[in-house]
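Throughout, a chain's letter reflects where its sequence line sits, starting with A, and its residues are numbered from 1.
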Protein chains: 2
Amino acid sequence: MAGLSSRSAVAIHALAMLANRRGGSLTSAEIADSLGSNPVLVRRVLGRLRDAGLVRSTEGRGGGWSLARAPRDITLYDAYTAVEEGQIFSRHTHPPSSACEVGRTIGVLLDDEFRSAERALEEQLGRTTIAGLLQRILASGNGAGSH
Amino acid sequence: MAGLSSRSAVAIHALAMLANRRGGSLTSAEIADSLGSNPVLVRRVLGRLRDAGLVRSTEGRGGGWSLARAPRDITLYDAYTAVEEGQIFSRHTHPPSSACEVGRTIGVLLDDEFRSAERALEEQLGRTTIAGLLQRILASGNGAGSH
DNA sequence: CAAACTGTAACCGCATCGGTTGCAGTTAAC
DNA sequence: GTTAACTGCAACCGATGCGGTTACAGTTTG
């Protein structure tokens with residue numbers, strides 16, 4: 001529970017690679033190579049992106065993954081919310097307790113505070129698009145890239 | 001990795017209880033009762049708050065925990081940063097990779113984006129103080145509370 | 001047919017969390 | 001000075017989730 005999974009990073013990385021293909025497709029093995037990971041993990045993550053309508057997959061020989069939306073219409077928040085589940089903050093699962101004034105009422109207020117904080121994080125993620133990210137990637141790297 | 005620990009919630013709950021004591025002290029057992037948890041966990045969390053200078057502990061019979069600062073000078077961010085460690089987002093631990101243009105340069109940019117998002121969350125947490133939270137607790141609950 | 005893909009399920013090893021027990025150290029009450 | 005009520009800390013447990021891997025069924029192309 002020391003933070004979220006690395007699926008967001010994997011998802012954004014994959015989306016940036018696909019955007020760099022400009023309509024073309026990539027296999028899970030190619031993406032896994034660039035991530036230093038393995039194809040099964042990539043398919044697990046991209047499967048969630050497909051369920052969220054961000055990418056498409058085609059089966060069979062010559063198949064692979066491609067974007068289902070324009071890169072400028074995909075934000076980091078879209079990727080994040082597609083692959084991470086549940087809330088960032090956790091609460092105690094225990095009975096609300098008790099004869100204690102504070103314990104009785106703090107629950108809802110704490111939920112509000114945590115939700116506000118998470119919303120702030122999500123709004124910040126929503127301010128960056130895959131197109132914008134890719135633009136900065138291509139600007140900082142220089143040579144002509146593969147993939 | 002499905003989120004943070006519940007230590008933030010425990011810490012904030014405990015701080016609110018201590019603030020409600022207005023200078024008085026509470027034992028870890030009393031706080032654990034209100035949380036539906038156990039004293040060892042409470043001491044683990046409050047120990048971190050003490051290291052951060054938010055509370056004080058006194059040993060021995062009649063000992064316990066009290067605030068080391070005015071409630072209006074303690075924000076939810078103070079509690080959060082004292083008990084949670086590391087970043088919210090994780091990255092792949094694997095070799096940066098590769099011959100891939102995107103993989104080569106995305107690392108730093110992704111770190112920037114994640115840091116910005118986390119900072120937004122932290123700033124939101126910093127906008128609420130323990131005093132403000134307690135005020136709302138006492139306003140929504142009505143009777144005279146114990147503790 | 002064979003080859004190259006996706007899509008899943010199953011299992012492993014590992015880290016971390018919350019929970020618990022046990023015990024040493026400290027202070028106050030008697 | 002003995003007892004009681006605390007903190008402080010180490011050790012261990014079970015559960016959970018993650019990333020990694022193997023295996024295999026299904027699908028499409030050559």
Within residues 50-58 of chain A: residues closer than 4.0 Å to DNA chain D (heavy atoms): none
Non-neighbouring partners of B:Ser116 that pass side chain to side chain contact (heavy atoms under 4.5 Å, CB included), sequence neighbours left out: A:Gln124, B:Arg119
Bracket notation of DNA chain C in which parentheses pair within the strand, [ ] cross earlier pairs, and | pairs with another strand (Watson-Crick or G-U, under 3.5 Å): ||||||||||||||||||||||||||||||
Test item: A:Glu30 and A:Met17 side chains (from C-beta on) under 4.5 Å apart, heavy atoms: no
Residues forming a side-chain hydrogen bond (donor to acceptor under 3.5 Å, both in side chains) with A:Ser90, sequence neighbours excluded: none
Qualifying residues under side-chain hydrogen bond (donor to acceptor under 3.5 Å, both in side chains), relative to A:Ser6, sequence neighbours excluded: none
Presence of B:His92 side-chain N/O under 4.0 Å of D:dG20 phosphate oxygens OP1/OP2: yes
Listed partners of B:Asp111 passing salt bridge (charged side-chain N to carboxylate O under 4.0 Å, His left out), at least two apart: B:Arg91
Results of side-chain hydrogen bond (donor to acceptor under 3.5 Å, both in side chains) for B:Ser37 - residues two or more places apart only: none
What are the atom names and distances for every N/O pair under 3.5 Å that joins the protein to nucleotides 1-5 of chain D?
unit_1 : atom_1 : unit_2  : atom_2 : d
D:dA5  : N3     : B:Arg61 : N      : 3.2

B:Glu113 bridged to A:Arg136 by N-O distance under 4.0 Å: yes
Between D:dT7 (P) and B:Ile31 (CD1): distance, integer Å: 8 Å
Please enumerate all protein N or O atoms sitting under 3.5 Å from an N or O of nucleotides 21-25 of chain D, with distances to 0.1 Å.
none

Listed once per pair and sorted, the ring pair (Phe, Tyr, Trp, His ring centres under 6.0 Å) pairs that draw on residues 113-137 of chain A, sequence neighbours left out: A:Phe89-A:Phe114
Summary of side chain to side chain donor-acceptor pair (under 3.5 Å) pairs that have at least one residue in residues 58-72 of chain B, sequence neighbours excluded: none
With B:Glu85 via side-chain hydrogen bond (donor to acceptor under 3.5 Å, both in side chains) - residues at least two apart: B:Arg48
